[in-house]
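This report refers to the structure that appears directly beneath it.
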Protein chains: 2
Amino acid sequence: MKLDSEHLEILAMIVERGGLTEGAEALGKSQPSVSRTISNLEKRLGMPLFELGRRPLQPTHFGRALAEIGLRIHNLNKEAQRLAYHFSKGYAGHIRIGGTPIFMDGVISHMLADFQERADGVQFDQSYGYLDSLLGNLRNKTLDMAILPLRDDQTPMDCDFRPLIPGRNVIACRSGHPLARKGPITLKEIDAYSWVAPPANSPLFRDLKGAITSIGSENFKFTFSGGTLASIQSFLVRTDCLTVLPYSVVYLMKSAGQIVSLPIKVSHPDRKLGILTRKGEDLTPMLKTFISFLEEQCENLECRMARETRIAQGRP
Amino acid sequence: MKLDSEHLEILAMIVERGGLTEGAEALGKSQPSVSRTISNLEKRLGMPLFELGRRPLQPTHFGRALAEIGLRIHNLNKEAQRLAYHFSKGYAGHIRIGGTPIFMDGVISHMLADFQERADGVQFDQSYGYLDSLLGNLRNKTLDMAILPLRDDQTPMDCDFRPLIPGRNVIACRSGHPLARKGPITLKEIDAYSWVAPPANSPLFRDLKGAITSIGSENFKFTFSGGTLASIQSFLVRTDCLTVLPYSVVYLMKSAGQIVSLPIKVSHPDRKLGILTRKGEDLTPMLKTFISFLEEQCENLECRMARETRIAQGRP
DNA sequence: CCAACTTCATAACAAAAAGCGATGTTAGGG
DNA sequence: CCCTAACATCGCTTTTTGTTATGAAGTTGG
């Protein structure tokens with residue numbers, strides 16, 4: 001015999017409040033309404049839920065036992081309400097985010113951590129990939145958003161692109177590196193060192209090649225390639241190798257004091273790091289708040305980087 | 001915004017069964033019914049619960065999260081159904097039982113333990129008392145049943161009395177007692193020992209006096225009185241005192257091998273041990289099954305006692 | 001790529017449930 | 001004994017739920 005969960009909740013409220021009238025009040029219903037509900041429930045169960053002939057309605061043992069279950073149901077219902085509220089306000093939700101490895105590891109992961117503190121109901125599914133795979137996953141809806149470098153004219157028709165940070169690259173090395181303490185650096189000095197490269201199919205790898213040629217060097221000795229940011233960093237601090245990384249990544253790594261950027265101008269790719277989402281689909285509230293959080297954080301980061309640059313160039 | 005718990009249950013079933021149609025089937029409802037329910041729920045929440053444009057209806061993360069809560073509600077609802085079923089069938093319930101101490105300790109407590117195995121959802125509140133207090137507690141509904149010795153004509157108007165066992169008393173002593181190994185016992189021999197008595201306000205105490213005078217003795221030396229069955233028993237096994245106890249109590253104590261009854265006829269009170277309940281009130285199913293269990297057990301006990309008596313008298 | 005099939009959404013209507021105010025009934029308290 | 005608070009009942013309206021019939025959209029297998 002199926003019981004209506006709502007009836008059990010009503011029973012629970014009556015028992016908890018110690019009376020039918022108070023219970024009805026707490027439920028926002030009229031007294032006759034809950035009276036009949038209880039009456040019907042008793043009829044259906046074939047057993048009294050309340051002692052009859054007692055004015056401050058007193059539950060039977062059976063009624064009390066059912067009311068306990070009803071209370072638990074009521075609490076779960078309230079939990080569901082909270083959940084719905086959090087989801088609707090963007091305090092909770094699920095985000096499947098994919099992006100290019102270096103930038104995800106070097107910049108976005110920090111922001112994920114910060115965002116977690118603000119919206120503790122969020123759950124991230126992170127994955128890595130380059131344009132093609134990210135776009136594919138966006139389209140087949142296994143990804144909610146992608147973070148990658150993109151030229152404005154590269155934006156696919158069915159997607160929206162929100163730029164976060166310009167794609168400015170720098171040459172990076174360990175902080176004790178012989179080149180790090182010098183002022184101007186000559187091409188010949190740089191040619192003396194070999195390079196650490198990201199995976200060969202990454203855009204950053206093409207950037208690396210462009211950057212090296214842009215400063216006139218043609219030395220392409222790769223001592224190490226194919227690693228993630230963590231292994232690149234570990235390798236750099238233990239050798240005198242150089243590498244090319246987004247300035248934002250190096251900037252955030254600087255605080256650890258192991259990696260620095262060299263004061264050499266290199267060619268910048270005409271791409272911007274940004275967020276790619278499916279077009280014409282209303283984002284979940286969670287996704288909206290997260291995206292605006294990222295935009296805010298990146299703007300802040302860019303501001304700090306600009307100040308740092310001015311200082312380095314002697315222009316306070 | 002209040003959610004309907006039943007809607008959450010429906011959502012849970014759809015997610016669990018992997019489709020709206022199967023979910024509707026499992027719920028015993030038509031497919032359009034649950035379809036509209038979900039549709040309304042989504043409208044109310046302002047967020048989709050299922051990915052649109054997917055034929056085997058696939059829940060969103062939000063839908064899945066709500067469904068989990070719905071499933072827990074559904075399980076609680078089923079638990080409530082089980083509870084109601086158990087109560088209605090007498091497999092579960094609460095029994096407030098009061099009775100005269102010696103009989104409760106010596107006979108009923110054994111049966112409570114046995115009953116517990118048969119109906120594991122039962123919960124006993126046991127208390128002690130004599131006629132007046134038991135009757136009072138029955139009337140003000142702090143007691144569901146009382147167990148006590150009563151004359152048929154003593155039954156109060158507003159109560160029902162169900163006899164369980166005739167009130168037959170015997171003289172009891174420790175098994176190694178000098179009188180225990182003899183055949184016929186003379187009055188003079190009995191007079192040599194002093195007595196252990198139950199509380200002075202108990203009916204058993206009056207029985208004791210009656211029994212002693214019935215065998216002609218006028219020796220009323222009370223070495224010990226006022227204790228419960230446990231202390232009477234402890235006292236008896238360590239002394240040569242005698243006492244008067246209901247035969248049923250002694251019979252059940254015999255199996256431990258420390259207490260025996262003496263083969264002397266004593267006067268029997270014209271009362272029967274039985275169950276007193278409020279009249280004109282339909283007993284809970286639990287109480288009904290328990291009472292019939294007690295009746296069955298006592299009949300069985302009486303039968304065993306009768307056989308024992310025949311054997312003791314040499315009539316197999 | 002096109003049937004054929006499944007699966008879900010919608011419409012229209014009937015039935016049940018839940019809501020309410022007015023009012024009757026009863027237990028508890030001076 | 002009467003009064004009051006608490007609950008039950010009645011009559012009515014509104015809302016919800018359920019059903020069948022039917023249409024639309026996604027899936028599948030060739």
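In this text the structure is predicted, and so the values were computed from the model without any measurement. We name chains A, B, ... by the order of the sequence lines, and we start the count at 1 in each one. Scope of the values below: all heavy atoms of this structure, side chains included, with no hydrogens, waters or symmetry mates.
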Spacing between Glu6(B) atom CD and dA17(C) atom P, to the nearest angstrom
11 Å
Could you check whether Ser33(B) gets within reach of a base, just the sugar-phosphate, or nothing at all, counting any heavy atom under 4.0 Å?
base
Looking only at side chains, do Tyr91(A) and Asp120(A) share a donor and an acceptor under 3.5 Å apart?
no
Ignoring hydrogens and angles, state whether a donor on the side chain of Glu79(A) or Asn75(A) is under 3.5 Å from an acceptor on the partner side chain.
no
For a quick test of reading the model: is some side-chain N or O of His7(B) closer than 4.0 Å to OP1 or OP2 of dT17(D)?
yes
Hey, does the side chain of Ser35(A) come within less than 4.0 Å of dC7(D)'s phosphate (OP1/OP2), counting only N and O?
no
Kindly point out which of dT10(C), dC7(D), dC8(C) is positioned nearest to the side chain of Thr21(B)?
dC8(C)
Check this for me: does the side-chain of Arg55(A) come within 3.5 Å of the base of dA27(C) through a donor and an acceptor?
no
Under-4.0 Å side-chain N/O to phosphate OP1/OP2 contact, Ser30(A) with dG19(C)
no
Rounded to whole Å, please give me the gap between CG in Asp4(A) and P in dG19(C).
10 Å
In terms of the nearest nucleotide of DNA chain C, which residue is placed more toward the 5' end: Lys29(A) or Pro56(A)?
Lys29(A)
Closest contact, heavy atoms only, Leu294(A) versus Met145(A):
CD1-CE, 3.9 Å
Kindly say whether, by distance alone, the side chain of Gln31(A) makes a donor-acceptor pair under 3.5 Å with the base of dA6(D)?
no
In terms of side-chain heavy atoms of Pro32(A), which of dT17(D), dA9(C), dT9(D) is nearest?
dT9(D)
Please give, in whole Å, the distance from dT9(D) C1' to Ile38(A) CD1?
16 Å
Distance, rounded to the nearest Å, where Ile10(A) contributes CD1 and dA17(C) contributes P:
14 Å
Using OP1 and OP2 only, check whether a side-chain N or O of Arg54(B) sits under 4.0 Å from dT7(C).
no
Checking Phe103(B) against Ile108(B) for the side chain to side chain contact (heavy atoms under 4.5 Å, CB included) test, could you report, in this order, the C-alpha distance in whole Å, the side-chain angles of both residues, the deciding distance, and whether it holds?
CA-CA 7 Å; Phe103(B) 193 63; Ile108(B) 300 301; 3.8 Å; yes
Any side-chain to backbone donor/acceptor pair from Arg278(A) onto Leu138(A)? Under 3.5 Å, distance only.
yes
Whole angstrom is fine here: how far is it from CZ in Phe50(A) over to P in dT26(C)?
20 Å
Pair of N/O donor and acceptor under 3.5 Å linking dA9(C) base with Arg36(B) side chain:
no
Between Asn140(A) (CG) and dG26(D) (P), how many Å, whole number?
17 Å
Specify the separation, in whole Å, of atom CG of Asn40(A) and atom C1' of dC10(D).
14 Å
Given atom CD1 of Ile14(B) and atom P of dT7(C), what is their separation to the nearest angstrom?
14 Å
